[in-house]
Amino acid sequence: MHGATDRVGPVAISIGLLLGALPAMAHDVGSRIRATAGVPQIEGTAGGGFVPWAVLAGYGQKQEWGGEFSVMHARTGDFDLTIAAGSVAFNNRVEISAAAQLLDIDDLGLPDDNLSQMILGAKVRVAGDLIYGKLPQISGGVQYKRNMDFDVPALAGARDDDGFDFYVAATRLWLNGLHGYPVLANVTVRASRANQLGLLGFGGDQDDEWEPLFEGSVAVLLRRDLVLGYEYRQKPDNLGFADEDDWQDVFLAWFPNKYFTLTGAWADLGDVAGRNDQEGFYVSVESSF
Amino acid sequence: MGRKNSGLLAASLFAILGYGAAAEGAKGDALFRDLGGREGIARFVGAAVASAHSHPRIAFLFEDADDGNLKGQLGDLICALAAGPCNYEGLGMREAHSGMEITEAEFDIFVELVLDAMEQSGISHSARNRLLALLVPLREDIIHQ
Ligand code: HEM
């Protein structure tokens, strides 16, 4: 039923792990405190799984650089999404990222079996810090997305095969949090015309405006190496052929050390491309360097 | 827009932020006891200073340190911050680190060594973070002096 992606997922994950292990061995991981790199976000930047955070990828502090490789696989009732991403950050100031997303739509009986896109991202820390000082860490980011299988999105009413997302994120970690269990909160505001991240193109027949979209995450560090979080991501709803719902997920991320992170999550994507109640899970592996 | 339950998000954010803020207040000497009292503090401070001496990126800063004094003063400071029965009578943080030009990275490295030392001596996650929350505000007087 799931065809090729059944194999793509595990293979991609293994390749990602191998690729990730190489730079990790060659480069001293940065100095920032464990788990402050966040987890790989679906569009390639550092964040929670769905929401970009103000933190930058890897553990680089000022005067250091770092980054990460990640592979993610999500499976809901009717869809498989595989993502590979890489990012580098310099001076705990600027992050550059790239991601490739492949959505298996075999089951929909459409002219294409897959939808895919490439995403290039940049994020700049504008002010504050995740833990130090008075201000939360505040970053601004941009994502350029280019859809690579535009036939189906065009049929569905999408206007463009590429587009930009702009966002501002504020993230803070309170170490004392819940009686010594550190608590993280993140709020992100995004301007986007992307349908289902951009996998269904940009803009649409029903709505073609830039709208502010709100995204948020809360997380608690249960242990030094274990983070439990919840995320909510508002979505546009531009296409007349099917409703696009907001997304949410509950994730558990394991940081056994600063080189490796494993995240598992339950995700609720609502209605996607006419398929109702897409719930499922995702797994991501990340290697930091 | 498909705004299913933004209200839930907002409510949980505020609930957690509110709770977090309320939890900041000090509660007697509970932290001092959770750190293992004077003995417990001396143990992890000793271990952290020892590992600082062998850390490739910060050892040079500790080369000329008077270890006995440093361990004693740092122990007293932590004991006092944790509302234990100690007075800190050492130098102010700016003075203590003046001329060292400690960077953000070196600061984080030392903090992780302290966390490692605490973890290895069996101090709980909660106590480690409660202490860390008290040390973090000192950073601005310690780095770049
Ligand atoms: C939360 C962080 C820190 C705290 C609470 C702290 C506390 C102290 C205290 C209480 C003293 C002794 C002052 C005195 O002699 O009266 C001291 C000295 C010193 N600290 Fe720190 N410190 C911190 C971070 C660092 C870092 C990041 C480094 C280096 C990477 C460092 C290196 C030193 C050195 C080398 C001395 C001088 C020891 C001597 O010459 O006797 N400290 N610190």
Side-chain angles (χ1 to χ4, degrees), chain A residues 28 30-34 36 59-64 92 129 131-134 172-187 207 211 213-226 230-238 243-248 258 268 270-271, chain B residues 1-27 30-31 34 55-58 103-112 114-116 118-119 123-140 142-144:
Chain A
D28 254 354
S31 303
R32 273 162 43 214
I33 294 165
R34 191 181 338 158
T36 61
Y59 287 99
Q61 207 8 308
K62 279 180 198 156
Q63 299 167 36
E64 296 179 332
N92 199 19
D129 189 275
I131 29 186
Y132 298 115
K134 293 200 167 55
R172 185 69 167 184
L173 180 69
W174 290 271
L175 288 161
N176 202 336
L178 300 166
H179 194 66
Y181 291 84
V183 170
L184 177 143
N186 172 82
V187 178
D207 194 350
E211 297 168 274
L213 300 163
F214 293 90
E215 306 176 11
S217 322
V218 288
V220 57
L221 272 74
L222 299 175
R223 299 192 321 213
R224 195 179 179 187
D225 61 349
L226 215 52
Y230 167 77
E231 299 189 285
Y232 191 91
R233 176 167 172 171
Q234 215 173 43
K235 307 281 292 309
D237 194 7
N238 299 331
D243 285 340
E244 176 166 351
D245 280 329
D246 296 353
W247 285 7
Q248 57 184 341
K258 283 162 73 172
D268 170 13
D271 295 354
Chain B
M1 285 193 212
R3 288 176 194 178
K4 275 186 309 200
N5 38 16
S6 315
L8 173 65
L9 166 69
S12 30
L13 275 172
F14 283 114
I16 288 185
L17 297 188
Y19 193 101
E24 296 283 343
K27 296 179 198 75
L31 176 56
D34 291 348
H55 192 285
R57 289 185 55 197
I58 63 169
T103 65
E104 287 82 357
E106 287 157 359
F107 188 91
D108 280 356
I109 290 170
F110 186 67
V111 163
E112 280 212 310
V114 173
L115 289 175
D116 289 343
M118 284 198 272
E119 187 173 21
I123 290 165
S124 72
H125 175 65
S126 155
R128 298 195 302 258
N129 288 304
R130 283 180 287 147
L131 175 61
L132 191 52
L134 299 170
L135 296 178
V136 152
L138 305 177
R139 184 179 85 145
E140 57 180 313
I142 293 173
I143 59 174
H144 300 304

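Computed from a prediction, not measured in an experiment: that's the story for all the values here. To find a chain, count down the sequence lines: A is the first, B the second, and so on, and within it residues start at 1.
A pairwise comparison of heavy atoms in A:Arg32 and B:Glu112 identifies O-OE1, 4.2 Å as the closest pair. The heavy-atom pair separating A:Lys62 from B:Ala105 by the smallest distance is O-CB, 4.4 Å.
Top candidate by heavy-atom pairs under 4.5 Å with chain A, chosen from B:Ile109, B:Asp116, B:Val111, is B:Asp116. Listed options A:Asn92, A:Asp243, A:Val220, A:Leu222 were ranked by heavy-atom pairs under 4.5 angstrom with chain B; first place goes to A:Leu222. The candidate with the highest count of non-hydrogen atom pairs below 4.5 Å against chain A, out of B:Leu132, B:Leu131, B:Asp34, is B:Leu132.
Rounded to the nearest 0.5 angstrom, A:Gln63 CD and B:Thr103 OG1 are separated by 5.5 Å. A distance of 7.0 Å separates CG of A:Asp28 from CZ of B:Arg57, quoted to the nearest 0.5 Å. Between the CG atom in B:Leu138 and the OH atom in A:Tyr132 there is a gap of 10.5 Å [rounded to 0.5 Å].
Within 6.0 Å of atom OH in A:Tyr181, 12 or fewer heavy atoms from other residues, nucleotides or ligands are found, so the atom counts as exposed in its surroundings.
At a 4.5 Å heavy-atom cutoff, the contact between B:Glu119 and chain A is made by side-chain atoms alone. Heavy atoms closer than 4.5 Å to chain A are found in both the backbone and the side chain of B:Val136. Heavy atoms closer than 4.5 Å to chain B are found nowhere in A:Arg172, neither backbone nor side chain. With a 4.5 angstrom heavy-atom cutoff, B:Leu134 does not touch chain A via any of its atoms.
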- Message: Working note: A:Thr36 + B:Asp108, criterion side chain to side chain contact (heavy atoms under 4.5 Å, CB included); need CA distance, chi angles, decisive distance, verdict.
- Response: CA-CA 11 Å; A:Thr36 61; B:Asp108 280 356; over 6 Å; no

- Under the side chain to side chain contact (heavy atoms under 4.5 Å, CB included) rule, what do B:His125 and A:Leu221 come out as? Steps first, then yes or no, please. CA-CA 9 Å; B:His125 175 65; A:Leu221 272 74; 4.2 Å; yes

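Panel note: side chain B:Ser126, backbone A:His179; a donor-acceptor pair is recorded below 3.5 Å.
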